[in-house]
Every structure is written in structure tokens, then in C-alpha cells.
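Okay, structure first, notes after.
Naming convention: chains lettered A, B, ... in sequence-line order (proteins, then strands); numbering from 1 in each chain. Please read all numbers here as calculations on a predicted model, not as lab measurements.
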Protein chains: 2
Amino acid sequence: MTSVLVCDDSPLAREALRRAVATVPGVERVTTAANGEEVLRRWGADRSDLILMDVRMPGLGGVETVRRLLSADPGARIIMLTVAEDLDGVALAVAAGARGYLHKDASRAELRATVTQALADPTWRLAPRRLRSAEMGATPTLTAREIQVLEGMSHGRSNAEIGRELFLSEDTVKTHARRLFKKLGASDRAHAVALGFRWGLVR
Amino acid sequence: MTSVLVCDDSPLAREALRRAVATVPGVERVTTAANGEEVLRRWGADRSDLILMDVRMPGLGGVETVRRLLSADPGARIIMLTVAEDLDGVALAVAAGARGYLHKDASRAELRATVTQALADPTWRLAPRRLRSAEMGATPTLTAREIQVLEGMSHGRSNAEIGRELFLSEDTVKTHARRLFKKLGASDRAHAVALGFRWGLVR
DNA sequence: AAGACCGTAACTCTTTCGGGTGACCGTCGT
DNA sequence: ACGACGGTCACCCGAAAGAGTTACGGTCTT
């Protein structure tokens, strides 16, 4: 029974990862956790063959979780996940005993290849790879205009105000809005803003 | 000329910190940065007497920034800022040479006391303190109901839907909405959701 | 005891949104 | 060269949202 534990605090990324990992040949079960504490709890109950874990998590951070996990079970295989702009945590995690890491902007295929390899070879270590975040569960790709409109929304501006700001007619803003809603799967602007934050499209 | 550099990726927290630090006796200048790269850039130009820096930042993380800062100038005084649920990064940062850290949920007074002490005594180290985030620049305090409503909004639900979900009338939901808008200073629900994310009230 | 919040709810009125649809133009890739 | 896509704009329409106001009972603090 080959099982993999996926841990990421972003529900969206978590689901995307879960789905991607589930397609790896040989993987029969994928469990998920939202933070380090949850990983440790699950690990106490039933041990997975491999753990994919985000470096940056609220609560117990990735690095410390790796330490605790390995002090409990030195054989645990852990691969860290990271966004492009967070290389220090990865280095620390690998130094702490993680087997390797994956950039979140790597391809789904690379993710699967890495997981396959890690599962096949218990001694596997490192070999960094990339993966386009667009492919790790379809991160929505917004155009520059759409992001500008989304940002305007996140600052509480009306369509008319956004239009004035960007020298566009309100109707044009509405068009961009409708298109970005569709891309994000948002039902309204509040939802769109939330998804923008969850996907890291706006801050 | 006593100057302090404040670094936090959250614009809201950054401003709050800036204002709090500016009230410390003896501090004549407070500069800000949004990430590690910016800190290093500023540091190259003009060195502050003290740096307050968030552990968790996009881009160059707090830990690595501490390392680079200290390798350039071993005398740099750095205090890390952290949220309650992120203790590993602090330990690493302190191990890397930071003088101490502050919980973001400490009081404004404690923040000021720590800064005062760090500025007065160049050899000062550690002495962790706390500080209520509510006081570090007036983090809005929403009631449980208001947060539930805000969360509903972040999931794209209409007021009527939120009402059905919480067994409330739509009118009541609208009342909670209006109240939370006022607390957050939001102009509409999209703005409220954005502020909720920025303040860490919703995920 | 008085006041300050909070949770609940209703009513009105105006503004904004979001869907649907269509259209023109430019660019880029095939 | 054709088609897909993005940016621009317009019009209609019904459904929400948001502002303003009022109200009543509960809890908690002063």
C-alpha cells in the first residue's frame, strides 16, 4: 500500500498537488494536511511512504516539521515544495534532512517524475526540478489588464473608478472583470479577490 | 541620527510598525522595506541603527537576509518579528545572528521597550516579548459572526446564501456586513475580503 | 444603573454588478 | 491567411449590494 502525504496550507495548491500525485503509477493513497502539526499527527497514526510538504506554512514551519519528523523516524522521505522566491527555507529543510525539493512552478510531469523516483529509490536525494505553476492544477493565467482590474477591486474601487484610473470605459472594465471571473471560477468580485490572494496573484 | 529600518511584506503591518517605532524616544528616522532584497539594497546605501524584520517574507526570506546582512556587517542589530505560529524561523534567525525577536501579538509598549533597549545597549540580545496584534496599529477586531460573514463573502456567496448557511435572515447578514465594512474601513465586499487577507483574518 | 456592544431583523432607496450579446481592431502563431 | 486571443466599447436587463434608519433583547463593563 503505497501512500503519499501532501501538505500545503493553500487549499487550492493542496488539491492540485493531491490530484497530480494521485496520477503517479503505484500511488494508492494520497492523504493531505494543511500544516506541520497535522503532518506530525498523521505521521503518528499511519506513516506514508513519502511526504510532499510546503516550506512556508503557518504554524509549525516546514523546516521544524522536517526535524521533528526525522527525529521520530530517520527513514522518512520528505520532499519540500517551494515557490520561486523562497530558496533559503529549502536549503534549510534539505540540510535538516529533506530528500529534495520541487519548485511550485515546475511541470506536472516533473512533479510526477520526482515522486516516482523518490518512491522507487529509498536512497534518492535531491535533484531539484521545476514545474510551471500553471500546470500544477491549472493556476489561472490572468493578463496584465485583468490583474490591474483585480487589484483595483482589491482596493475597493468600483468598475467606474478602475476605468478612470486606467483610462478605460466602465464597460471595458466590466469586460475584463467578466473574463477574469471566468478564468478564476469566481462568482463575484469578492470571490475573485479571495481567489487572487489564494493563488498569490495579488497582495 | 538614530534611524530604524522596518521590514514587513504586509503594507498594513508595515505602516503600523512604522508608526509605533516612530514614537520611540530617540528615533529620528524610520525607513521601511517590503522584502529582504529591499533591506539589503537600503543597507548598502545607508545603514540604520536597528532593523526590525518579519521572519516570513516573500522573496528573500528573513533568515537568509539576516545572514547576508551580518556577513556584510557583523555589527548590524536585527530584531525579528513573527506571528505566534512561526517559531522555527525565529530560532533560525536568532541562530543566524539576530539579536532577538518580537511576537506580533505583543503590546505596542513592549515593542517600544524592546526597541529602546536594543538601541540603548549595542550588546543587547534576545529577551523575547509579546505584543497584542490588536495594539500594533489597531488590527481590526471582528466578532465571530462578522468573520463568518466575511468568510462567506470570500467564498463567493451572496448575502442571501450566507444567511441560509448561518440560519440568519439576509437583512441580518447585511447588518453584519455593514458593521465589518466599517471596522475594516472597506468600501465594499471585495475590499473587505482583500483586507481580511491582508490582516490574516481569513485564508 | 447606565452605556456600550452584539446579534437579530425589517424597511426604503439608489447604485452597482454581473450576464448576455455583439462588434471592431490588432497581434501572434500556425 | 485564417483563427484564437486580447483590448476596447456599447446596450439591455434583472439581481444584488450598500447606505440610512429603526428597533429590541442580551451581555458585559463601568
Side-chain angles (χ1 to χ4, degrees), chain A residues 107 132-135 138-199 201-202, chain B residues 107 109 132-135 137-199 201-202:
Chain A
S107 74
R132 321 213 110 283
S133 48
E135 297 171 40
T139 301
T141 305
L142 300 191
T143 67
R145 265 298 192 236
E146 287 163 350
I147 286 183
Q148 287 179 316
V149 170
L150 183 58
E151 279 173 346
M153 290 178 182
S154 83
H155 291 304
R157 304 200 225 293
S158 69
N159 290 336
E161 284 170 335
I162 295 170
R164 256 170 263 137
E165 195 176 26
L166 300 178
F167 304 104
L168 299 176
S169 80
E170 183 182 347
D171 280 319
T172 301
V173 174
K174 286 172 91 172
T175 300
H176 290 308
R178 257 179 296 110
R179 288 181 181 166
L180 78 88
F181 288 171
K182 179 142 282 179
K183 284 184 181 177
L184 293 174
S187 51
D188 57 42
R189 48 182 48 218
H191 196 194
V193 167
L195 293 169
F197 272 91
R198 296 193 182 117
W199 282 119
L201 300 170
V202 294
Chain B
S107 73
R132 322 211 112 283
S133 49
E135 298 172 39
T139 302
T141 306
L142 300 190
T143 67
R145 265 300 192 234
E146 287 163 349
I147 286 182
Q148 287 179 316
V149 170
L150 183 58
E151 278 172 346
M153 290 179 182
S154 82
H155 291 302
R157 302 199 229 292
S158 69
N159 290 334
E161 284 170 335
I162 295 170
R164 256 170 263 136
E165 195 176 26
L166 301 177
F167 304 104
L168 299 175
S169 80
E170 182 183 347
D171 283 319
T172 301
V173 174
K174 286 172 101 171
T175 300
H176 289 307
R178 258 179 297 107
R179 287 178 182 168
L180 78 89
F181 288 173
K182 177 143 283 180
K183 285 183 181 177
L184 293 175
S187 51
D188 57 43
R189 50 181 49 218
H191 196 195
V193 166
L195 293 169
F197 272 91
R198 296 192 182 117
W199 282 118
L201 299 170
V202 294

Contacts of type side chain to side chain donor-acceptor pair (under 3.5 Å), residue A:H191, not counting sequence neighbours: A:S187

Nt span of DNA chain C in reach of chain A heavy atoms at under 4.0 Å, 5' end first, is C:dC17 to C:dT21

Gap between atom CG of A:L166 and atom OG1 of A:T172 - 0.5 Å precision: 10.5 Å

Rounded to the nearest angstrom, tell me the gap between atom CZ in A:R189 and atom C1' in D:dG18. 13 Å

Counting the atoms with a prime plus P, OP1 and OP2 as sugar-phosphate, which does B:K183 contact under 4.0 Å by heavy atoms, base, sugar-phosphate, or nothing? sugar-phosphate

Give one of base, sugar-phosphate or nothing for A:R145, where a contact means two heavy atoms less than 4.0 Å apart. sugar-phosphate

Once you round to the nearest 0.5 Å, how far does CD of A:E165 lie from CD of A:E161? 8.5 Å

What integer distance in Å separates B:D171:CG from D:dG20:C1'? 13 Å

Just so I know, are the side chains of A:L168 and A:H176 near enough to count as touching, which here means a heavy-atom distance under 4.5 Å? yes

From OG1 (B:T175) to CZ (B:R145), nearest 0.5 Å: 12.5 Å

Distance in angstrom units between A:N159 CG and D:dC9 P, rounded: 14 Å

Rounded to the Å, how far apart are B:I162 CD1 and D:dA17 P? 8 Å

If you assign B:A144 and A:E170 each to the DNA chain C nucleotide with the nearest heavy atom, which residue ends up on the more 5' nucleotide? B:A144

Verdict with supporting geometry, A:L195 and A:K183, side chain to side chain contact (heavy atoms under 4.5 Å, CB included): CA-CA 11 Å; A:L195 293 169; A:K183 284 184 181 177; over 6 Å; no

Give me the bend of the helix from C:dA1-D:dT30 to C:dT30-D:dA1, using the axes of the five pairs at each end, rounded to 10°. 60°

Using the closest heavy atom to pick a nucleotide of DNA chain D for each, name whichever of B:K174 or A:S169 lands nearer the 5' end. A:S169

Measure the CZ-CG distance between A:R164 and A:N159 for me, rounded to the nearest 0.5 Å. 10.5 Å

Nearest-0.5 Å distance, CG of residue B:L184 to CD of residue B:E146: 8.5 Å

Give one of base, sugar-phosphate or nothing for A:S158, where a contact means two heavy atoms less than 4.0 Å apart. sugar-phosphate

Contact class for B:R179 vs. all strands (heavy atom < 4.0 Å): base, sugar-phosphate, or nothing? base

Using every non-hydrogen atom in the two residues, find where A:R189 and A:S158 come nearest and quote the distance to one decimal. NH1-CA, 4.3 Å

Identify whether any heavy atom of A:T143 sits under 4.0 Å from a base atom; if not, whether one sits that close to sugar-phosphate; answer base, sugar-phosphate or nothing. sugar-phosphate

Roughly how far, to the nearest 0.5 Å, is CE of B:M153 from CG of B:L180? 5.0 Å

Starting from C1' on D:dA16, measure out to CZ on A:F181 and report it in whole angstrom. 13 Å

Under 4.0 Å: is that the gap between some side-chain N or O of A:H176 and OP1 or OP2 of D:dG6? no

CZ of A:R178 versus C1' of D:dT8: gap in Å, rounded? 12 Å

Return the value, rounded to whole Å, for the distance between atom CE of A:M153 and atom P of D:dA17. 15 Å

